[in-house]
Amino acid sequence: MQRKYIVVTGGVLSGLGKGIAMASIGNILSASYKVVPIKCDGYLNVDPGTMNPIEHGEVFVLDDGGEVDMDFGHYERFLGTPCRFDWNLTMGRVFDEIRKKERRGDYLGKTVQMIPHVSNFIMEHFLKVGRESDADVVLIEIGGTIGDIENELYIDAVRSLSRKVGRENILFVHLTYVPIPYGVDEQKSKPTQQSVNLLRQKGIEPDIIIARCSEMLTENIKRKIAKFGNLDADGIITGVDVDDVYKIPLSFEEQGLSQLVARRLNMSVSVDLEKWKRLIEKKESARKEIVIAIAGKYTSLEDSYASIIEALKHCEANCAVRIKVEWVDSEGEDVSVLEGVDGVIVPGGFGSRGTEGKIKVIEYCREKGLPFLGICYGLQMAVIEFARNVCGLKDANTTEVNGACSHAVVDILEEQKGIENKGGTMRLGAHRALIEKGSKVFDLYRGGEVLERHRHRYEVNPDYHEALKGKGLVLSGMSPDGTLVEFIELKDHPYFVATQAHPELKSSLLKPAPLFKGLVEASISYRDAVVGD
Ligand code: GLN
């Protein structure tokens, strides 16, 4: 089969869920085809790794160490394919490459221009990703909303792509919004019409329109949108508001999306959503509820911890339980907020703000036998807490917070010393860890070798390994050379586990992250013991 391209653009509003819509299309097609996603961002940062998570949401990290847009989280969770850094374009990265080419002399004698040079470069990149990944279907999400200046070159590139690969091999999906204004109580198609017009002015005719709406679109409004948009009425799909994004592939498929794509691109698509559906039903029918507290400093924007929330949702489905997330701002140091909580996560973080609050929370968990999962900074804070309160090293700290402390139990990684540039320089991506037989982590992963993703500059200081072990801290997973602590746990505790990695990044509905599942199961037992179930 000739390689197919599906391009997703957005109109009317930002934040309508283009990433999820594209991931859902991919999810439906991935039972029959190898689907590879590309995301195009308009900003001038080379990657989102240097952006504040409160402004931009979570920085997602890939196996290859790429720091990418959080939409890659949706893609991986919905497609089950590990993605690559090369699949996230930003205008910063595009211009970086163009300037390198220009300096090298690749354009010698020519005036380098936005069109054709930059736009062609982007188009060639789409083709290259398809070739190198040997994809059957390449999905391309263009960030922002149609009409944004910063995304114009991407739009021009997909228009050229259409000419290059042939209109029969490319499908344009446009995501819009149908409001039902208060008092009018009627679905309104005008914003969609205008947005489609804007797209057509740029030379792109949409084949499918997905219209976000709080209710299913009426046949009448579909006909109207189809007429003004110059497409068939069956090309209009409702992106109906749902309480759970995992229902979106099911909703699209109920509306015949796979066959619509198949017809338009001349493919045969067989769909397999049974297991996915069963898990959602299991989650929906769960009666028991537990409360998991997340103690972090970016709690004002849930998107900062997007993958953690998703990993908990995967556990809800697989453990048949409802999870209420309680946000605990780690700048407050009052642990009484943990009463009524059944489990605690201390997530990743940077800098000194909120660290003492995290340490207090961990102390409470350790002493009260409250299930605890520490992630990255959470592991480092757990080690500091243990060093201070169990090993008696009063001034123990990380040099990230206090460079002059007398017991630097967490210190900068050797390989990080001397690095000055901030972008893309942390210890990033998948790293192997060897797990101690007989440990809880070994049981959870069902094996002695684990590959999880990382994003950090500091580590547990090897000078303190023996002292920590001597007082009962189990270093249950180490880097293969035995120098870096990757997992820790406590023996006489229902669930006290932490990792230097970010296991939430590899969690999915069909395969929840083992450490999260372990936490949730322990929290269920904790709740049962408290309420005497
Ligand atoms: N700030 C810590 C470090 O750089 C932890 C990073 C994280 O939690 N992702 O090592």
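Remember, it's 1-based here, ligands and their atoms both numbered in the order they're listed.
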Taking the basic N atoms (NZ, or NE/NH1/NH2) and the acidic carboxylate oxygens, is any pair closer than 4.0 Å for R103 and E97?
no
Look at the side chain of D47 and the backbone N and O of V68, then say whether any donor-acceptor pair between them is shorter than 3.5 Å.
no
Answer yes or no: does atom NZ of K417 have more than 12 heavy-atom neighbours from other residues, nucleotides or ligands under 6.0 Å?
yes
Does the salt bridge (Lys or Arg N to Asp or Glu O under 4.0 Å) test come out yes or no for E436 and K469, once each step is laid out?
CA-CA 13 Å; E436 197 175 294; K469 281 204 279 200; over 6 Å; no
Hydrogens and angles aside, do Q500 and Q380 bring a side-chain donor and acceptor to less than 3.5 Å of each other?
yes
Checking the side chain of N397 only, and the main-chain atoms of V409 only, is there a donor and an acceptor separated by less than 3.5 Å?
no
Run the contact test for H502 against ligand 1 with a 4.0 Å cut-off on heavy atoms, strictly below, and give the result.
yes
Stepwise, does the side-chain hydrogen bond (donor to acceptor under 3.5 Å, both in side chains) test hold for E486 with H454?
CA-CA 10 Å; E486 299 283 21; H454 294 67; 2.7 Å; yes
Decide whether the shortest distance between a heavy atom of Q500 and an atom of ligand 1 is less than 4.0 Å.
no
Report yes if some N/O of G348 lies less than 3.5 Å from some N/O of ligand 1; otherwise report no.
no
Based purely on interatomic distance, does R455 place a nitrogen or oxygen under 3.5 Å from a nitrogen or oxygen of ligand 1?
yes
Report the member of G349, S352, A501 with the shortest heavy-atom distance to atom 5 (C) of ligand 1.
G349
Quick one: look up the protein heavy atom nearest atom 7 (C) of ligand 1 and list residue, atom name and how far away it is.
C376 SG, 2.9 Å
At under 4.0 Å between heavy atoms, what of E459 touches ligand 1? The answer is neither
Looking only at protein heavy atoms, which one is nearest to atom 2 (C) of ligand 1, and what is the separation?
E400 OE1, 3.2 Å
Tell me, which protein residue and heavy-atom name are nearest atom 10 (O) of ligand 1, and how many Å apart are they?
Y458 N, 2.8 Å
In this structure, atom 4 (O) of ligand 1 is nearest to the protein heavy atom R457 N, 2.9 Å
Side chain, backbone, both or neither: which part of M426 comes within less than 4.0 Å of ligand 1 when only heavy atoms are counted?
neither
Quick one: does any side-chain atom of K506 pair with a main-chain N or O of L451 as donor and acceptor, under 3.5 Å?
yes
